[in-house]
Amino acid sequence: EVQLQASGGGLVQAGGSVRLSCAASGFTFRDFAIGWFRQAPGKEREGVSYISSSSGSTYYAGSMEGRATISRDNAKNTAYLQMNSLKPEDSAVYYCAASAAYLGNRWTMTGEYEYWGQGTLVTVSS
């Protein structure tokens, strides 16, 4: 059974940091690119960051540039998203997703990902 388990969310004050984890099982994690997405109430799901299977390529949404770092540990079948200097507008449910393809500039397209996790809620208080 394929599983992507996102965790690490919670309540954090503005200016604070959070590290999200995405634990994978049931597929060959090292062969899949990982994307992080978020969805706030009443808004569409949007791409936050992306890392290729080999970690050779990373992408960030403009709103997160300089505030987020994506990484992965293929030995642990886990991807991470470190977010700093958080703002109230960063509050959302954060999802990780896996794609067998190298997406490049298509990394924000939700339809390009085969597997999705259940999401973890990040709430940033002002």
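Every value quoted in this text rests on a predicted model; they were computed, and no experiment measured them.
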- Query: Looking at side-chain heavy atoms only, is the closest gap between E46 and E44 below 4.5 Å?
  - Reply: no
- Message: Has T28 got a side-chain atom pairing as donor or acceptor with R30's backbone, closer than 3.5 angstrom?
- Response: no
- Ignoring hydrogens and angles, tell me if any N or O in the side chain of Y102 forms a donor-acceptor pair with the backbone of F32 under 3.5 Å. no
- Measuring from S126:OG to K87:NZ, what's the distance to the nearest 0.5 Å? 14.0 Å
- Query: Aromatic rings F37 and W116: how do their planes relate, parallel, tilted or perpendicular, breaks at 30° and 60°?
  - Reply: tilted
- Message: I'd like to know whether CD of Q13 has more than 12 heavy-atom contacts from other residues, nucleotides or ligands below 6.0 angstrom.
- Response: no
- V12 side chain reached by T123 side chain, heavy atoms, under 4.5 Å: no
- Message: How close do A68 and Y60 get, counting heavy atoms only, and between which atoms?
- Response: O-CE2, 3.2 Å
- Kindly compute the distance separating CG (L4) from SG (C22), expressed to the nearest 0.5 Å. 4.5 Å
- Measure from the side-chain N and O atoms of Y113 to the backbone N and O of W107, and report whether any donor-acceptor pair falls under 3.5 Å. yes
- Evaluate the side-chain proximity of V18 to L86: yes if any heavy-atom separation is below 4.5 Å, no if none is. yes
- For R38 and V93, indicate whether the former's side chain and the latter's backbone hold a donor-acceptor pair under 3.5 Å. no
- Message: For a 4.5 angstrom cut-off between non-hydrogen side-chain atoms, does M64 reach M83?
- Response: yes
- Residue pairs meeting disulfide (SG to SG under 2.5 Å), one or both in residues 51-82, sequence neighbours left out, come to none
- Looking at side-chain heavy atoms only, is the closest gap between S125 and L11 below 4.5 Å? yes
- Query: Excluding sequence neighbours, so at least two apart, what forms salt bridge (charged side-chain N to carboxylate O under 4.0 Å, His left out) with E114?
  - Reply: none
- Task: Establish, for the pair R45 and Y95, whether the NZ or CZ atom is under 6.0 angstrom from the six-membered ring centre and no further than 45 degrees off its axis.
- Result: yes
- Query: What do you reckon, is CD of E65 surrounded by more than 12 foreign heavy atoms closer than 6.0 Å?
  - Reply: yes
- Under a 4.5 Å side-chain heavy-atom rule over Ile, Leu, Val, Met, Phe, Trp and Tyr, are I51 and Y59 clustered together? no
- Item | Backbone of G47 reached by a side-chain donor or acceptor of T108 within 3.5 Å | no
- Does any donor atom in the side chain of N84 or S17 lie under 3.5 Å from an acceptor atom in the other side chain? yes
- Without swapping roles, check the side chain of S53 against the backbone of D31 for a donor-acceptor pair under 3.5 Å. no
- Distance from Q39 atom CD to T110 atom OG1, nearest 0.5 Å? 9.5 Å
- Query: Between S91 (side chain) and E89 (backbone), is there a donor-acceptor pair under 3.5 Å?
  - Reply: no
- Item | Residues W36, L20; criterion side chain to side chain contact (heavy atoms under 4.5 Å, CB included); working and verdict | CA-CA 10 Å; W36 283 97; L20 306 182; 3.6 Å; yes
- Message: How about CZ on R106, more than 12 heavy atoms from neighbouring residues, nucleotides or ligands closer than 6.0 Å, or not?
- Response: yes
- Query: Think R19 forms a cation-pi with Y80, using NZ or CZ under 6.0 Å from the six-ring centre and within 45 degrees of its axis?
  - Reply: yes
- Can you tell me how far CG of N105 sits from OG of S57, rounded to the nearest 0.5 angstrom? 10.0 Å
- Task: Verify, without hydrogens or angle tests, whether Y50 (side chain) and L103 (backbone) share a donor-acceptor contact under 3.5 angstrom.
- Result: yes
- For S54, check side chain to side chain contact (heavy atoms under 4.5 Å, CB included) against everything at least two apart and list the hits. S52
- Note on the structure: Heavy-atom nearest pair, I34 first then A98, reads CD1-CB, 3.8 Å
- Check whether any side-chain heavy atom of R72 sits under 4.5 Å from a side-chain heavy atom of F29, and report yes or no. yes
- Message: Rounded at 0.5 Å granularity, tell me how far CG in L81 sits from OG in S71.
- Response: 8.5 Å
